[in-house]
Colleague: 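Structure in structure tokens, see below.
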Number of protein chains: 2
Amino acid sequence: MGNEVISYLSKHIKLSPRQKELIEKCTIVKSYTKGTILLRQGNIANESYFVLKGIVRSYAINDNEQETTIEFYPEEQAIIPLTYGKRIPSTHFLECLEDCTLIINNPEYEQEMFAKYPEFESICRVMGEVMMAQLQESFTDYKTRKPEERYLYIMEHRPTLLQRVPLYQLASYLGIKPESLSRLRKRLTKNN
Amino acid sequence: MGNEVISYLSKHIKLSPRQKELIEKCTIVKSYTKGTILLRQGNIANESYFVLKGIVRSYAINDNEQETTIEFYPEEQAIIPLTYGKRIPSTHFLECLEDCTLIINNPEYEQEMFAKYPEFESICRVMGEVMMAQLQESFTDYKTRKPEERYLYIMEHRPTLLQRVPLYQLASYLGIKPESLSRLRKRLTKNN
DNA sequence: CTTAGTTATTGATGTTTGTCAAGAATGGAG
DNA sequence: CTCCATTCTTGACAAACATCAATAACTAAG
């Protein structure tokens, strides 16, 4: 069951055979039905996840009641809420867009693991750093690209998203209204 | 000299008198002239900073040779490059927009400090978490607000920026072209 | 003070997005 | 299968931004 986790982690750091063994042993797996809210904005985030099957969306609602999709997490993605393990209320929601199978983690269990297998702590630290760098990069990218360029990027690099995600949610991910995404797509099919 | 650091840190975490004393003792201060590049995109970031005087800009250049301002760091701001202490090349530049006086830090010095004063490690960890949360929040905010709203936010919360920063750099921070910022400003003065 | 270089504004024009409203397509529940 | 709710598309119009080009304002160096 932990194979997917190992394949994911291996993209970012080198794992020793012993570490791989460890990960396989220590995973808690749960399933959720489509539509399940894993975390609510304002609540405390006391779990982190790893997606084995399905797709999870993270989104936030601001004072204008506008909903913004922050990220989609399909298979082989780690989901670590920003407020994970802190006392601060969560800044965003987590929602299952399909029936999902997830690996669950929580701070207490993590601490237990760290005590038993100290190497685990640096793995987690590195993962945190990687996520932060990715976040910064996508922010920079977001500022320099137009919605159309962002859409084309997704078509090229994450084409399955288009089949699995409602377009109005993709629109809020791109930072435009659903109508604009609709027209953008029409434009693209015409010109090619 | 460390007073400003203490005042900054105190905004985010509680410091004991002993910790404050520590910080005062252990700071390395340097000065740079306007225009100095502290860090280049592609290079290794082996220093982090704290601004005592002046203002530093972080920006990135993407494949289209477009320059995007990521953040302005005036007095009392910590600057921790995302790739700080890692072997990854930096994703952004750091540039002094004025003559600057900065507190310098590097990973080796940090490790030394951690060994001597273990409490320091958790201070740094918390600071990292705070920065990450801020980054995520500004990203979400960026997606839901229009350029005009972002400009008004700066006028209200960081009014000094407008006097210290060239408008074309502020424009790239807001995600628009200088011409558009110019017109946006004109619009606002007319309607109020 | 003058000049060269940078930064800011303005005008004209085309494209894209937002908004409001209506209609078409899709999908799930009974 | 039918119906209802959600999701997607389309139209018309206004607002905002990008682009190109020219001019104005400002700054720093000689």
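All chains are named by letter (A, B, ...) in the order of the sequence lines, taking the proteins before the strands, and each is independently numbered beginning at 1. For clarity, every value in this text was computed on a predicted model and none was experimentally measured.
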Colleague: From the list D/dT10, D/dA18, C/dT16, which nucleotide is the closest neighbour of the side chain of A/Arg187?
Modeller: C/dT16
Colleague: Using a cut-off of under 3.5 Å, enumerate the N/O to N/O pairs linking the protein to nucleotides 3-7 of chain C.
Modeller:
| residue | atom | partner | partner atom | Å |
| --- | --- | --- | --- | --- |
| C/dT7 | OP1 | B/Tyr168 | OH | 3.3 |
| C/dT7 | OP2 | B/Tyr168 | OH | 3.4 |

Colleague: If you assign each of B/Arg183 and B/Val165 to its closest nucleotide in DNA chain C, which residue comes earlier from the 5' end?
Modeller: B/Val165
Colleague: Given C/dA21, D/dC17, C/dT10, which nucleotide is nearest the side-chain atoms of A/Glu179?
Modeller: C/dA21
Colleague: Calculate the interatomic distance between B/Tyr151 atom OH and D/dC17 atom C1'; express it in whole Å.
Modeller: 17 Å
Colleague: What nucleotide among C/dT17, D/dA18, D/dC17 has an atom nearest to a side-chain atom of A/Ser180?
Modeller: C/dT17
Colleague: Both B/Lys34 and B/Gly175 contact DNA chain D. Which one's nearest nucleotide lies toward the 5' end?
Modeller: B/Gly175
Colleague: Can you tell me which residue among B/Leu94, B/Val56, B/Ile103, B/Ile80 is in a side chain to side chain contact (heavy atoms under 4.5 Å, CB included) with B/Tyr49?
Modeller: B/Leu94
Colleague: Classify the ring geometry between B/Phe93 and B/Tyr59 as parallel (under 30°), tilted (30 to 60°) or perpendicular (over 60°).
Modeller: parallel
Colleague: Ignoring backbone atoms, establish whether A/Lys146 has a side-chain N or O less than 4.0 Å from OP1 or OP2 of C/dT16.
Modeller: no
Colleague: Nearest to the side chain of B/Glu148, heavy atoms from C-beta on, is which of D/dG11, D/dA16, C/dT17?
Modeller: D/dA16
Colleague: Where the side chain of B/Ser182 is concerned, which of D/dT10, C/dT9, D/dC17 is the nearest nucleotide?
Modeller: C/dT9
Colleague: Ion pair present between B/Glu71 and A/Lys143, side-chain N to carboxylate O less than 4.0 angstrom?
Modeller: no
Colleague: Inspect the surroundings of OH in B/Tyr153 and state if more than 12 heavy atoms from other residues, nucleotides or ligands are less than 6.0 Å away.
Modeller: no
Colleague: Is it the case that over 12 heavy atoms from other parts of the model lie below 6.0 angstrom from the NZ atom of B/Lys53?
Modeller: yes
